[in-house]
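To start, the structure under review is shown below, and the notes come after it.
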Amino acid sequence: MIHEIAPHKLDNEFKTIAPKPTDYLIIFNGEQTLFKKAGDNFAIPRVSDFPQCDCHYLISIDGDAYFLCNSNLPEIPEGYEFRGNRTFRTLENHLERLGGATSAHIAKWESLNKFCGKCGHLMTRGVKER
């Protein structure tokens, strides 16, 4: 199966859990994701970098969880920049590449599916499934 990246495991089951400071934080603006500058490369921000973000769980790989920030940042701090999602391909750690790209894909899907396909009403976040 695609989520079997033995010996690692990607868990994309819907969950309602609280983030830990060390978990990854995806900040998506509709087209790009916020990355932290790390020398000549980039890194995925951690929840501790933006404790003011209200966020929800997306996926985890081997217990390292990825959360999506639900709130807009008032300004982008120095050392961070929005970049295209192909930037995930440049990350050194292959699990972070997979986790980040998968999380950004879900963030994009959520941003495009805000209204009911049948009646057109604005949807609310579910408590049992995405």
- Query: Among side-chain atoms of N85 and T33, is any donor-acceptor pair under 3.5 angstrom?
  - Reply: yes
- Any donor-acceptor N/O pair, T102 side chain to G99 backbone, under 3.5 Å: no
- Query: Does E31 pair with K108 as a salt bridge, N-O distance under 4.0 Å?
  - Reply: yes
- Message: Minimum heavy-atom separation for S71 and C69, please, with both atom names.
- Response: O-SG, 3.2 Å
- Message: Can you tell me how far apart CD1 (I106) and CD1 (I26) are? Round to the nearest 0.5 Å.
- Response: 9.5 Å
- Message: To check you understand the geometry: which heavy-atom pair defines the closest contact between F50 and L34, and what is its length?
- Response: CZ-CD2, 3.7 Å
- Message: How long is the straight-line distance from CD1 of I27 back to CG of N70, given to the nearest 0.5 Å?
- Response: 11.0 Å
- Query: Which atoms form the tightest heavy-atom contact between E96 and L91, and what is the distance?
  - Reply: O-CD1, 3.9 Å
- Query: Would I44 end up clustered with L95 when hydrophobic side chains under 4.5 Å apart are linked, directly or stepwise?
  - Reply: yes
- Minimum heavy-atom distance P21-R46, with the two atoms named: O-CB, 3.7 Å
- Query: Between I5 and F88, is there a shared hydrophobic cluster once you connect ILVMFWY residues whose side-chain heavy atoms come closer than 4.5 Å?
  - Reply: yes
- If two hydrophobic side chains count as joined below 4.5 Å and joins carry through other members, does F14 share a cluster with I59? no
- Determine the minimum heavy-atom distance between L25 and C55, stating which atoms define it. CD1-CB, 4.0 Å
- Query: Are K20 and D23 close enough for a salt bridge, meaning some N to O gap below 4.0 Å?
  - Reply: yes
- Parallel, tilted or perpendicular for Y66 and Y24, by the 30°/60° rule? parallel
- Query: Between R89 and R97, what is the shortest heavy-atom contact and its length?
  - Reply: O-CD, 3.4 Å
- Message: Using the rule given for side chain to side chain contact (heavy atoms under 4.5 Å, CB included), can you reason through K37 versus F42, listing the C-alpha separation, both sets of side-chain angles and the distance that settles it, and then say yes or no?
- Response: CA-CA 5 Å; K37 294 178 186 175; F42 293 91; 3.7 Å; yes
